[in-house]
Amino acid sequence: MTEYQTIVVETRGRVGWITLNRPEALNALNSQVMRDVVDAATAFDADRGIGAIVVTGSERAFAAGADIKEMEAKTGVEMIVDGHFDAWWRFAEVRTPVIAAVSGYALGGGCELAMMCDIILAADTARFGQPEITLAVIPGMGGTQRLVRAIGYYKAAELVLTGRMMDAAEAERCGLVSRVVPAADLLAEASSVAESIAAKSLPSLYAAKAALDAALETTLAEGLRFERQAFAGLFSTADQKEGMAAFREKRRPDFTNG
Ligand code: CO8
């Protein structure tokens, strides 16, 4: 079992849990957190026994952004040449569905990490924002791109240009989060959503996630072609036969993930 310094990793049934654990810095995302989260997520992704991943933080903070103290002295050349935060892109490429369970602050890189996930569940205490402009920089882990796609240009522009935080209710209204629950229920709700996903057949989950990603990344015509191919491809799995036979026979399917 890999030892992680900044996260707690657990497997519960078919769900992999990653809990950010830097309480002294409100889970600020330094390069060690990035390495730990990316390693844990890619290990879960390579495991056929895992059908969903939950990423969460503490009650006070999902993550208050990239680690400002670590970044402060860097030069532009170092940021580019060392690719300081490049490994986060590997997190976004995980094929397994990922749920962000957000309580407290999800700011800057924290909001961007949540947006690299497929579903964002929020506690009523959650606060989202891209405050980078107050530090004289801009979002650098996808904030200007994913936030525009998630909530539309004008709302995203206001948040990115002012650095204002929005509360959980506003985040739900504008479509960034799929559900807001009382803080005390957040992990149980995340667990229930993750278990419901993880019970499905892996090939269909991977295909669904890839097709959803295509909707954000390509044209409608390309996306529709991708979806049609992926849909057809699933008819070569044993689980498709099992899923449809189970429906006809009025029983629960017994998927083998193949
Ligand atoms: N980085 C480093 N340390 C942090 C961070 C952070 N982002 N956020 C909080 N901390 C630390 C504080 O310094 C403090 O440490 P100490 O006790 O040693 O002083 C501790 O966490 C607790 O924080 P506060 O005392 O400030 O707690 P408050 O409750 O008063 O305030 C806030 C909470 C409002 C969340 C406040 O901490 C805050 O504004 N944090 C910074 C938020 C921010 O600006 N985030 C954006 C960072 S930039 C970014 O994310 C860029 C991402 C893209 C990078 C891509 C590179 C390629």
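As the structure lists them, so they are numbered: ligands from 1, and atoms in each ligand from 1.
Between the side chain of Glu112 and the backbone N or O of Gly140 there is at least one donor-acceptor pair closer than 3.5 Å. For the pair Arg127 (side chain) and Tyr105 (backbone), a donor-acceptor distance under 3.5 Å is absent. Under the 3.5 Å distance criterion, the side-chain polar atoms of Asp36 are left unmatched by any main-chain donor or acceptor of Tyr4.
Proximity of Gln130 to ligand 1 is not established, as no heavy-atom distance is less than 4.0 Å.
Neither the backbone nor the side chain of Glu70 comes within 4.0 Å of ligand 1, counting heavy atoms alone. Of the heavy atoms in Lys74, none comes closer than 4.0 Å to ligand 1.
Looking only at side-chain heavy atoms (C-beta outward), Ile99 and Ile53 stay at 4.5 Å or farther from each other. Looking at Ser204 and Phe255, their side chains never come closer than 4.5 Å, going by heavy atoms from C-beta outward. Annotation: side chain of Leu176 is not in contact with side chain of Lys155 (no heavy-atom distance under 4.5 Å).
A salt bridge links Glu24 with Arg22: at least one charged nitrogen is closer than 4.0 Å to a carboxylate oxygen. A salt bridge does not link Glu195 to Lys200: none of the charged side-chain nitrogens sits closer than 4.0 Å to a carboxylate oxygen. Comment: Lys209 does not engage Glu93 in a salt bridge, judged by the lack of any side-chain N to carboxylate O separation of less than 4.0 angstrom. Checked for salt-bridge contact, Glu242 and Arg252 miss the test: no charged N lies under 4.0 Å from a carboxylate O.
Within ligand 1, counting atoms from 1 as listed, the ones closer than 4.0 Å to a heavy atom of Glu112 are 52 (C), 53 (C). Close contacts between ligand 1 and Ala25 involve ligand atoms 4 (C), 9 (C), 10 (N), 11 (C), 21 (O) [criterion: under 4.0 Å to a heavy atom]. For ligand 1, the atoms closer than 4.0 angstrom to any heavy atom of Leu107 are 35 (C), 42 (C). For ligand 1, the atoms sitting less than 4.0 Å from at least one non-hydrogen atom of Gly109 are 49 (C), 50 (O), 52 (C), numbered in the order shown with element in parentheses. The atoms of ligand 1 that sit less than 4.0 Å from any heavy atom of Glu24 are 15 (O), 20 (C), 21 (O).
Taking all heavy atoms of Gly163, Gly65, Ala64 into account, the minimum distance to atom 42 (C) of ligand 1 is reached by Ala64. The closest non-hydrogen atom to atom 19 (O) of ligand 1, taken over Glu132, Lys69, Arg127, Met71, comes from Lys69. Taking each of Gly142, Gly129, Ala28 in turn, the one with a heavy atom nearest to atom 5 (C) of ligand 1 proves to be Ala28. Of the listed options Leu113, Asp86, Leu26, Ile133, Leu26 places a heavy atom closest to atom 23 (O) of ligand 1.
Within the 4.0 angstrom cut-off, atom 38 (C) of ligand 1 has no protein heavy-atom neighbours. Per-atom contact check: atom 30 (O) of ligand 1 does not touch the protein, criterion being a heavy-atom distance below 4.0 Å. Distance screen at 4.0 Å: atom 45 (N) of ligand 1 has a protein heavy-atom neighbour inside the cut-off.
At under 3.5 Å, not a single nitrogen or oxygen of Gly108, backbone or side chain, sits near a nitrogen or oxygen of ligand 1.
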